[in-house]
2 protein chains.
Amino acid sequence: MMKKYTIKDIAQLAGVSKGTIDRVIHNRGNVAKDVEDKVKQLLADIDYQPNLIARNLKNNRIYQIGALLPDPKKDAYWEVCSDGIQQALSEFSAFDIRLNTFLFDPTDTKSFMEHHELLLDSAPDMILMVPLFYKEAKTVLEHYKALNIQVCTFNNQIDASIASFIGQDLYQSGRVAAKLMHSIIDKGDMAIIHIDEKYKNAVHMQEKEKGFKSYFDDLDGFTDDILKCKIRYTETEDKLRDFLKDHPNLTGIFVTNSKAFHVARLLESENKGHIKLVGYDLLSENVHYLKDGVIDFLIHQNPRQQAYLGLKFLIENLVFEKDIPGKHLLPIDIINSENVTPFLRA
Amino acid sequence: MMKKYTIKDIAQLAGVSKGTIDRVIHNRGNVAKDVEDKVKQLLADIDYQPNLIARNLKNNRIYQIGALLPDPKKDAYWEVCSDGIQQALSEFSAFDIRLNTFLFDPTDTKSFMEHHELLLDSAPDMILMVPLFYKEAKTVLEHYKALNIQVCTFNNQIDASIASFIGQDLYQSGRVAAKLMHSIIDKGDMAIIHIDEKYKNAVHMQEKEKGFKSYFDDLDGFTDDILKCKIRYTETEDKLRDFLKDHPNLTGIFVTNSKAFHVARLLESENKGHIKLVGYDLLSENVHYLKDGVIDFLIHQNPRQQAYLGLKFLIENLVFEKDIPGKHLLPIDIINSENVTPFLRA
DNA sequence: TCATAAATTGTGCTCGAACACAGTAATGCG
DNA sequence: CGCATTACTGTGTTCGAGCACAATTTATGA
C-alpha cells in the first residue's frame, strides 16, 4: 500500500528544502549538479505524481476558448452540439473556462470566413471548430498554426498534420451502411443519394460513397448496379421524384448525410415502402421515419459526443497539460427502431 | 461575463466574515437569523458554486472502494471490466482511491458469498459489484444497505430500490435482437438458445427472451414458430447438434448471452451458414465468427463502460458529493462485421 | 449594575504546488 | 585579505474552502 508523496516528503527524503525540489521538477536551474541528480533519481524511484488539484488551485487564470461552429438554425444536425459543449463546461466548472461561440452558415463559405475573423479578434487560447469547407478550413487552420493556437476539429477531417480531429472514419461508415444494406435487400438496383448545396466541397460525402462501393466491390459475384444521384438542397423533391420514376427497379437507397427524411417522405407518399433506406443521424424527422419503418437503419455520427470530446480535450490540455490525441475515432453506431431511444437522451 | 465568486467575495458583499458565510453554507448554526437569511439570499442571487478543487485540497483522506466481480479467468466476458476500472482510477489519480478487488467464480454462488465476506472484512467506504445471482445478491445488498454502505451494481439489475444500477435495458435489447433478426431472415423457424449453468437464477436471459418474443407478438400476422432451447454449459455441443437435427427448418438463432460462438462453431462445421445468428458481446471468438459472416449481428453490452461508469459514479460521490443516479441505462450497440473494430479498442 | 453565560462573529491556520524573494555559501578579482 | 559577484538554497506567501478557536457582542440573573 504505497503512500502518496508530496513535495515536502521528497524534500525531507533528499535532505533539502521544497524550493529545491520545485526547481528540479520544473528545470528552473540554480541547482547544484549532484543535488539535481539525486533528486531526479528520487523522483523517478517513487514515481512522483504532482497533486493536480493543488497545482490548479494557484493557477486561477481565465481560459478563453473560441468555438467556430455551424449554425443549428440552418441545419438541425448541429443542434445537439451545444448539449455536448454544456456537458464539458459543467464537468470542468471548477475551472474558469470562457467559451466564445461563433456560428456560421453551413451553406456559405463567406460566413465561415467572416466568423473566423471575429473568432480571431476574441483572442482565444484554444479553438474548437467544424472545418466544414475543405479549402477555407485549410487556410484558416494554417493561420492558427502559425499563431501557435491549438485547434480541435470535429465532424470532418481536413489534414492529419495540421489539427487534432474527432469523428468517425467516414469511409468505414460507408462500408457499414453497405453491409447493412446488403443484409436487408433482395436483388435489385441500389442508389447512393447525395443531398447538399455543394457536393464538390463535401469530402465527407465522397468518402462515404467510396466506402459503400468498396464493400460491394469486395463481394464475389456481385454485379447489380449502384446508381448515384446528386441533388441540391433547394430542388430536393422534384429531382427525387424524377429519379425514382427513372429507376423503377430500385430496392435500396443510401443517403450520405442527415437528409434521409426527404427521401423517406417521398417513399411514403408514393407507397414505395418496400424500398430499403439507410441514412445518417438522429434528427427528429429521421427518427420519426425510422420508427415508422420507412427508414431501416440510421448511422449515428454523434455530433454531441464529438463536440463534448473536442472541448474536453482542449480543457484537459489547458488545465492538466494532458496530450491532445491527433485523431480520435468514435464508434460507428448502428441505429434501428428498437435501440434509438437511449441514443436520444442528452 | 460573470465573475467567479469566492467565499471571500461573498463575505465582503454581505459585510460579514468568511467564517459566517461558511456557517451558512453548511448549516452549522450559530448565525443570527437576519444575517443567515441575507447571506442565503445572496448565495442564491449569484448562484454560488464552491470551488471543488480548493475543497478537496484539504480533504486528503484515503478512500477505500471494494469491488466484487466475476473472475475473468472463468468467463472471458468479464475481461474488459478491468480496463474500465483502470480508466476510472487513472482519471481520478489526483485523489487517493484504494480499490480492493474480490473475484468470484461466476458459476458458483458459494464463491460469491465467500468473497462477499472477504470484501466486508476490508471495511470499504463504497462498493462496486456485479449481482450475478439474484437471491444471494439481494441478501448481500440488504446487508450493505443496513450498514449504510453505498453500492453501485452493474450488468444485471436486482432491485431498483436497493442499489444503483448501470447497464442495458435487457428486455429492450431482446427487442433489438428481434428487429435485427426480422430484417435479415426469410420465412422459417426461429430459436432462442440459452447457454448457461443455471437458467433459473439468470433473470437477465429471461428478460432478453421476453423482449425478443414481444417484438414478434407486436407484428401483425406473424405466425412462425419461436423455439426455445436451454443448454447447460458443459453439455453444449451435443445438445446443440441434436437441436439442429430436430429442427431442419431453422432460419434464425438468437443466443441470449456471450456464448454465440459455440453455435457459430457448429453452424460452420455442419455447413449451415445460411442460418442467421444474433448474439451478444465482443469476445474474440464471437468477433472472429462475426467477421467470417457466421454471426450476423452482435449486441454489445459494453461491460468495460459499465464498470467504468460504476466506479466513476462512486468516486464522484465520494470526492465531489455528486448524486449517484439510481439507474443509468447504456445504449444498446448493434455490431456487425464492418463497425466492430472501433468498439474493440480500450 | 456588574459578572457571567450564551450567542454570534472574526481570525488564522491547514491542505500541496508554485514562485518570489531573502538568505547563505562559494568563488573571483583587485 | 576583503569585498563583490555568482551560485545555490531556504522561507514565506498565495490560491479557496473548511474548521478550530479566539474575540466580540448580547442576554440573563443576582
Side-chain angles (χ1 to χ4, degrees), chain A residues 2-40 42-43 46-63 92-97 318-322, chain B residues 2-40 42-43 46-63 92-97 318-322:
Chain A
M2 53 182 180
K3 185 182 158 4
K4 268 226 160 164
Y5 290 93
T6 72
I7 262 190
K8 226 164 97 188
D9 298 324
I10 294 160
Q12 207 160 16
L13 285 170
V16 292
S17 75
K18 67 198 180 82
T20 301
I21 305 296
D22 185 68
R23 276 182 285 268
V24 173
I25 289 174
H26 295 89
N27 289 309
R28 283 201 266 111
N30 291 324
V31 180
K33 191 77 182 67
D34 57 333
V35 176
E36 180 172 350
D37 290 345
K38 186 177 161 193
V39 171
K40 277 192 168 162
L42 198 55
L43 288 171
I46 63 175
D47 185 32
Y48 169 72
Q49 298 297 126
N51 184 327
L52 297 177
I53 292 173
R55 170 176 288 176
N56 278 289
L57 180 60
K58 187 62 186 283
N59 193 13
N60 58 344
R61 57 172 290 210
I62 300 168
Y63 297 104
F92 291 92
S93 58
F95 308 93
D96 218 341
I97 312 283
L318 282 174
V319 300
F320 297 141
E321 283 162 22
K322 265 204 197 179
Chain B
M2 50 176 184
K3 183 181 157 6
K4 269 228 159 163
Y5 290 95
T6 71
I7 264 191
K8 224 163 100 190
D9 298 325
I10 294 160
Q12 205 159 19
L13 286 170
V16 292
S17 75
K18 70 197 181 82
T20 301
I21 306 297
D22 185 67
R23 275 183 286 270
V24 172
I25 289 174
H26 295 89
N27 289 309
R28 284 202 266 110
N30 291 324
V31 181
K33 190 79 183 66
D34 57 332
V35 176
E36 181 172 349
D37 289 345
K38 187 177 160 193
V39 171
K40 275 191 170 164
L42 198 57
L43 287 171
I46 63 174
D47 185 32
Y48 169 71
Q49 299 295 128
N51 184 327
L52 297 178
I53 291 172
R55 170 177 287 177
N56 278 288
L57 180 58
K58 185 62 182 281
N59 194 11
N60 57 345
R61 54 173 290 210
I62 299 168
Y63 298 104
F92 291 93
S93 59
F95 307 94
D96 216 341
I97 311 283
L318 282 173
V319 300
F320 298 140
E321 283 162 24
K322 266 205 199 178

| task | Among A/V16, A/T6, A/D9, find the residue that satisfies the side chain to side chain contact (heavy atoms under 4.5 Å, CB included) test when tested with A/I21. | result | A/V16

| message | At less than 4.0 Å, is any side-chain N or O atom of A/T20 found next to OP1 or OP2 of D/dG10? Yes or no. | response | yes

| message | Rounding to an integer number of Å, can you tell me how far B/K33 NZ sits from D/dT25 C1'? | response | 20 Å

| query | Which atom names give the shortest non-hydrogen contact between B/S17 and B/A11, and what distance separates them? | reply | C-CB, 3.7 Å

| query | Can you tell me how far P of C/dT8 sits from CG of B/N27, to the nearest Å? | reply | 15 Å

| remark: B/S/- along nucleotides 16-23 of chain D (protein heavy atoms under 4.0 Å) is BSBB----

| said: If I compare all heavy atoms of B/V31 with all of B/R23, which pair ends up nearest, and what's the gap? | reply: CG2-CB, 3.7 Å

| request: Calculate the interatomic distance between A/E36 atom CD and D/dC8 atom C1'; express it in whole Å. | output: 12 Å

| message | If you take the centroid of each ring, where Trp contributes its six-membered ring, are B/F320 and B/F95 closer together than 6.0 Å? | response | yes

| task | Taking the side chain as every heavy atom from C-beta outward, state whether B/L52 and B/R55 have any pair of such atoms under 4.5 Å apart. | result | yes

| said: Rounded to whole Å, please give me the gap between CD1 in B/I62 and P in C/dC15. | reply: 15 Å

| said: Expressed as a whole number of angstroms, how long is the span from B/K38:NZ to C/dT8:C1'? | reply: 15 Å

| Would you say A/D47 and A/Y5 make side-chain contact, with heavy atoms under 4.5 Å? | no

